[in-house]
Asker: 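If you scroll down you'll find the structure; I have some questions about it.
Each chain gets a letter, A, B and so on, in the order its sequence line appears, and its residues count up from 1.
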Amino acid sequence: MKIVTGDAPEALHLYRHSTAHLLAAAVTQLFPGTQCGIGPATDEGFFYDFVVERPFVPEDLERIEAKMREIAQGDFVYERQMWPRDEALAFFAQRGEPLKVQLIEEKTAGQDTVSVYTIKDRDLFVDFCVGPHVPSSGKLKAFKLLTTSNAYWKGDAQGQPMQRVSGTAFLSDKELQAHLTRLEEAKKRDHRKVGKDLGLFTFHPWAPGATFWLDKGTTLYNILANYMREVLFPAGYVEVKTPLVFNKALWETSGHWEHYRQNMFLIEAEGEQMGMKAMNCPGHMLVFGSGVRSYRDLPLRLHEQTPLHRNEASGVLTGLTRVRQFSQDDAHCFVTEDQIADEVEQLLKLVQRVYRDFGLEYAAKLSTRPAQFLGEVATWDHAEASLRQALERAGQAYTVNEGDGAFYGPKIDFDVTDAIGRKWQCATIQLDYQLPQRFDLHYIGADNAQHRPVVIHRAIFGSFERFIALLIENSAGAFPLWLAPVQARVLPIADRHVDYAQQVEARLAAAGLRVELDARQEKVNYKIREAQLGKIPYMLVVGDREAAEGQVAVRSRAGGDLGATPVDACIQRLLDEVATKGLVPVTQ
RNA sequence: GCUGGCGUAGCUCAGUCGGUAGAGCAGCUGAUUUGUAAUCAGCCGGUCGGGGGUUCGAAUCCCUUCGCCAGCUCCA
C-alpha cells in the first residue's frame with residue numbers, strides 16, 4: 001500500500017477517479033436499477049456512464065450533485081477488497097450489472113481474485129476497480145457536475161446507448177473555482193462569438209456547415225492564403241487549381257468511392273454520377289500523370305487552396321472547426337523513397353516556422369502501422385524510420401500513437417488546443433504508397449527505367465477555417481497587426497478635423513495599411529470605446545493640435561495613449577510592426 | 001447520425017396560470033462639435049425558426065421539421 005499525498009502528481013487523478021465513484025454511488029442510490037459502465041478520471045475532470053430508464057435532464061444533475069455532497073459529508077470509507085473471481089461475478093450478476101460482469105470477464109481472465117472498491121463496505125457502492133482511491137468520501141469536497149450527454153458502451157455507435165454524467169474536481173475549492181472561471185472566460189473567446197462580434201463570418205440555416213466570410217473575415221483569410229504562398233513558393237512548391245466536381249471514375253480509382261462515398265456530396269449530370277471533391281489528392285494524381293516526369297523533377301510539390309466539401313453528419317458541425325465546406329493549405333509532394341526523410345524534415349521546419357509566426361502552441365504525434373494496412377512491412381518500417389529520423393533532425397518533440405496510422409502509410413499530426421481545451425488536428429504529414437499505385441504513376445529514373453513515386457499528403461494550417469478558429473480563440477480576436485483586418489482607425493475629434501483625417505487615412509492606405517475613418521459626430525471617448533471593442537490595434541486621434549502639426553495622436557489597443565507623432569513616423573512604425581509580425585505575446 | 005438542451009427585433013435578453021409582444025444596445029432623424037472606453041431626445045424595427053394540431057384565444061400546451069449548443073460516434 002502506498003500513501004498518495006496531495007502534492008503528488010497522481011493525486012488529482014486519484015481524487016477525480018474517487019469523485020467518479022461518488023457520482024456512481026449517488027446515481028445508483030437515486031435511480032435504483034441503474035447499470036454502471038465505466039467512470040474514469042480525465043484531463044479536465046471525470047465522468048461515469050450509466051444505463052438508465054430515461055435520459056438525464058439538467059434538473060437531475062442538481063439532485064445527483066446534492067446526493068453526492070450528502071454521501072461525501074457522511075465520510076464513508078473507500079475500501080479495496082480482493083474478492084474471489086466467482087464471487088465477484090455472481091455479485092454483479094445478481095445486482096443486475098451485466099456490463100460489470102462483462103468487464104470482469106474480459107479483464108481478469110485466468111485470475112483467482114479480482115479487486116473491487118467499496119464505499120461504506122457494500123452499503124453504498126461497489127465497483128470493479130483497482131484504484132487507488134481516497135480513504136473516505138469526506139475527502140471529496142471540491143467537485144461540480146457539468147453536463148449530461150449520450151455515450152455508447154465501449155464507444156460503439158451501434159452498441160448500448162448510455163448516459164454520461166461529466167464533472168470536474170480539484171484538490172481545493174480555490175482551484176475548482178479558478179477552473180470554472182477559466183471556462184467562463186473561455187466562452188468569451190469562443191470563435192463563434194468573436195467572429196460574430198467582429199464581423200468576420202456568419203452562417204445561414206440554408207447552408208449548414210458552410211461559412212459566409214464577411215469582408216473582414218475575407219481579409220484575414222486572404223492574408224493567410226498569401227502568407228502561405230510566400231512560405232511555400234521559396235520552398236519549391238507550385239500552385240495548381242483542379243476541378244471541384246469529378247466523375248465517379250476518379251473516386252473509384254482512388255478508392256474513395258468505396259470507402260468515403262457516404263461523406264461525399266454526389267451530383268448526377270446527364271446520367272453520369274459525379275462527386276464533389278472531399279480532398280485534393282486524386283486530382284493531384286491526375287496532374288502528376290498529365291506529363292512525363294523525370295527523377296530530376298522530384299520532389300514535385302503541388303499546392304492547392306480550392307474548396308473541399310465533405311458531407312459531415314449534422315451533429316458534428318461546430319462553428320469553423322468542423323464544417324462541410326472548407327479549404328486546406330493542401331499540397332502533395334511526389335518524392336523518391338530516398339527523399340522522404342529530407343522532405344519530411346523540411347516540412348517539419350516549415351510547420352515550426354509557421355506556428356511560431358502565428359504564436360500557436362502545438363503537439364506533434366507520430367502514428368505508426370495499423371493492424372489493417374496495405375503494402376509490405378519492410379516498406380512501412382523504412383517509412384516510419386524516415387519519419388523518426390526527420391523528427392529527430394528537426395528537433396521536434398513528439399509522442400507516438402502506435403497503430404494509429406492510415407492504412408496507406410504512417411503520419412505525423414499536429415494538434416492545437418482551443419479555448420476550452422479541446423484539441424483539433426491542424427497540420428498533418430502523411431506518407432502514401434498506395435495512391436501513386438492506384439493511378440499507376442511513375443517517373444523516369446537515372447537508370448532510364450520507370451519508378452513509382454511516393455506521395456506525401458501535407459497541410460500546415462490544416463484547413464483555413466479551423467486554423468482561423470484557433471487563431472481567434474488563442475488571441476481573443478485581438479490579432480497582431482499583420483493579421484488585423486483593420487489595422488488602424490482615424491478618429492477626428494470634431495467635424496472641422498475630418499478633412500485632415502481623410503488626408504491621414506489616404507496616406508496610411510497609400511502605404512499599404514488597412515485603415516478606416518470614423519467621421520461620425522460622436523465624442524472621441526465613444527469612438528475609442530468602439531474601436532477598442534472592435535480590437536483595432538491602433539487608433540489615430542486627430543484634433544486641432546495634430547492638424548496644425550501634421551501629426552496623429554497614437555493610441556494602441558494594448559498600450560493606451562502613446563502621444564502625438566508625425567504621420568510618416570506613425571506609418572513607419574506600423575509598417576515595421578507588420579514586417580516583424582509583432583512577434584511579441586499577443587495581449588488584449 | 002445518436003441523447004439531451006435551446007430557438008422572441010441586427011445583437012444581448014425579459015415575457016407569470018394560455019388572454020392584444022417588451023427593454024437595453026445597434027440603426028434612422030434631430031440637437032450637440034466633443035481630446036483617449038458609452039452626449040441627449042424622438043423614431044423605426046418582430047408572421048415569437050418553419051409547418052400542423054388542441055383551444056373562444058397559443059411566444060406559452062401537443063406533434064412534426066429545420067437550425068444552433070454540449071457530449072458520443074466519426075474527422076482537417
Asker: Between the base of rA76(B) and the ring of Phe326(A) - centre-to-centre under 5.5 Å, planes within under 30° - is that a stack?
Answerer: yes
Asker: Rounded to whole angstrom units, what separation is found between the CZ atom of Phe56(A) and the P atom of rC72(B)?
Answerer: 17 Å
Asker: rA37(B), rU33(B), rA76(B): which one has an atom nearest the side-chain heavy atoms of Arg466(A)?
Answerer: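 The answer is rA76(B), which lies nearest to the side chain.
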Asker: Any strand is fair game: report the nucleotide pairing with rC6(B) by Watson-Crick or G-U wobble, both distances under 3.5 Å, or none.
Answerer: rG67(B)
Asker: rU3(B) C1' sits how many Å from Asp49(A) CG, rounded?
Answerer: 12 Å
Asker: Any strand is fair game: report the nucleotide pairing with rU36(B) by Watson-Crick or G-U wobble, both distances under 3.5 Å, or none.
Answerer: none
Asker: Using 30° and 60° as the class boundaries, would you call the ring planes of Tyr355(A) and Phe414(A) parallel, tilted or perpendicular?
Answerer: parallel
Asker: Using a cut-off of 4.0 Å on non-hydrogen atoms, how would the nucleic acid contact of Arg54(A) be classed: base, sugar-phosphate, or nothing?
Answerer: nothing
Asker: Side chain of Tyr152(A), heavy atoms from C-beta onward: which of rG67(B), rA76(B), rC2(B) has the nearest atom to it?
Answerer: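 In terms of side-chain proximity for Tyr152(A), the closest of rG67(B), rA76(B), rC2(B) is rC2(B).
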Asker: Could you tell me whether Gly155(A) contacts a base, only the sugar-phosphate backbone, or nothing, with contacts defined as non-hydrogen atoms closer than 4.0 Å?
Answerer: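 Contact class for Gly155(A): sugar-phosphate only.
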Asker: Given Asp190(A) and Arg192(A), is the salt bridge (charged side-chain N to carboxylate O under 4.0 Å, His left out) satisfied, shown in steps?
Answerer: CA-CA 5 Å; Asp190(A) 188 310; Arg192(A) 291 163 295 198; 2.5 Å; yes
Asker: Do Asn280(A) and Asp330(A) have a side chain donor and acceptor closer than 3.5 Å?
Answerer: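 The criterion, which ignores hydrogens and geometry beyond distance, is satisfied for Asp330(A) and Asn280(A).
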Asker: I need the NE2-C1' distance between His309(A) and rA76(B), as an integer number of Å.
Answerer: 15 Å
Asker: Check the angle between the aromatic planes of His191(A) and Phe201(A) and answer parallel, tilted or perpendicular using the 30° and 60° thresholds.
Answerer: tilted
Asker: Between rU36(B) atom C1' and Arg557(A) atom CZ, what is the distance in whole Å?
Answerer: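 Interatomic distance, CZ of Arg557(A) to C1' of rU36(B): 16 Å.
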Asker: Val524(A) side chain: which of rG35(B), rA70(B), rU39(B) is closest?
Answerer: rG35(B)
Asker: Base, sugar-phosphate or nothing for Leu308(A)? Non-hydrogen atoms, less than 4.0 Å.
Answerer: nothing
Asker: Calculate the interatomic distance between Glu522(A) atom CD and rA41(B) atom P; express it in whole Å.
Answerer: 14 Å
Asker: With a 4.0 Å cutoff (strictly under), does any side-chain N or O of Tyr526(A) reach OP1 or OP2 of rA26(B)?
Answerer: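 Yes, Tyr526(A) has a side-chain N/O under 4.0 Å of OP1/OP2 on rA26(B).
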Asker: Taking rA70(B) as the reference, what is the distance to rA37(B) when you measure between their C1' atoms (whole Å, please)?
Answerer: 34 Å
Asker: Does the side chain of Gln305(A) come under 3.5 Å of the side chain of Tyr221(A) through a donor N or O and an acceptor N or O?
Answerer: no
Asker: Just name whichever nucleotide pairs with rG18(B), Watson-Crick or G-U, keeping both distances under 3.5 Å, else none.
Answerer: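 The base-pairing partner of rG18(B), which may sit in any strand shown, does not exist here.
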Asker: Looking at rU33(B), rC72(B), rC11(B), which one has an atom nearest to any side-chain atom of Asn150(A)?
Answerer: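 Shortest atom-to-atom distance from the side chain points to rC72(B).
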Asker: For Ala553(A), which contact category applies under a 4.0 Å heavy-atom criterion: base, sugar-phosphate, or nothing?
Answerer: base
Asker: Nearest to the side chain of Glu546(A) - rG67(B), rG4(B), rG35(B)?
Answerer: rG35(B)
Asker: Can you find a donor-acceptor N/O pair under 3.5 angstrom joining the side chain of Asp495(A) to the base of rU33(B)?
Answerer: yes
Asker: Rounded to the nearest Å, what distance is computed from the CE atom of residue Met162(A) to the C1' atom of nucleotide rC2(B)?
Answerer: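 Atom-to-atom, Met162(A) to rC2(B), this comes out as 15 Å.
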Asker: Any donor-acceptor pair under 3.5 Å linking the side-chain atoms of Ser475(A) with those of Lys535(A)?
Answerer: no
Asker: Measure the acute angle between the ring planes of Tyr408(A) and His457(A), then classify it against the limits of 30° and 60° as parallel, tilted or perpendicular.
Answerer: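 Tilted.
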Asker: Go ahead and name the base partner of rA58(B); Watson-Crick or wobble counts if both distances stay under 3.5 Å, otherwise write none.
Answerer: none
Asker: Check whether any side-chain nitrogen or oxygen of Arg192(A) sits under 4.0 Å from OP1 or OP2 of rG67(B), and answer yes or no.
Answerer: no
Asker: Between rA76(B), rA37(B), rU73(B), which nucleotide has the shortest distance from any of its atoms to the side chain of Val316(A)?
Answerer: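 Of rA76(B), rA37(B), rU73(B), rU73(B) is nearest to the side chain of Val316(A).
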Asker: Of the nucleotides rU34(B), rA37(B), rC72(B), which one has an atom closest to the side chain of Arg529(A)?
Answerer: rA37(B)
Asker: Among rG71(B), rG27(B), rA70(B), which is the nearest nucleotide to the side chain of Arg164(A)?
Answerer: rG71(B)
Asker: Is there a Watson-Crick or G-U wobble partner for rC72(B) with both distances under 3.5 Å, and if so, which one is it?
Answerer: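 Answer to the pairing question: rG1(B), which forms a Watson-Crick or G-U pair with rC72(B).
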Asker: If you only use heavy atoms from C-beta on, which nucleotide in rG67(B), rG4(B), rG71(B) is closest to the side chain of Pro55(A)?
Answerer: rG4(B)
Asker: How many Å lie between CD on Gln328(A) and C1' on rC75(B), as a whole number?
Answerer: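 Atom CD in Gln328(A) sits about 11 Å away from atom C1' in rC75(B).
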Asker: Tell me yes or no: between the side chains of Arg466(A) and Gln425(A), is some donor less than 3.5 Å from an acceptor?
Answerer: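 Side-chain D/A pair, Arg466(A) to Gln425(A): absent.
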Asker: Specify the separation, in whole Å, of atom CZ of Arg555(A) and atom P of rG35(B).
Answerer: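 Checked: the CZ to P distance equals 15 Å.
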Asker: When all nucleic acid strands are considered with a 4.0 Å heavy-atom cut-off, which category describes Gly319(A): base, sugar-phosphate, or nothing?
Answerer: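 Counting heavy atoms under 4.0 Å across all strands, the contact made by Gly319(A) is with sugar-phosphate only.
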Asker: How far, in whole Å, is rG50(B) from rA31(B) if one measures between their P atoms?
Answerer: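 40 Å, rounded to whole Å.
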Asker: So which nucleotide does rG42(B) pair with, by the Watson-Crick or G-U wobble rule with both distances under 3.5 Å?
Answerer: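 Across any shown strand, rG42(B) pairs with rC28(B).
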Asker: What nucleotide, of rA76(B), rA38(B), rU34(B), holds the atom closest to the side chain of Gln430(A)?
Answerer: rA76(B)
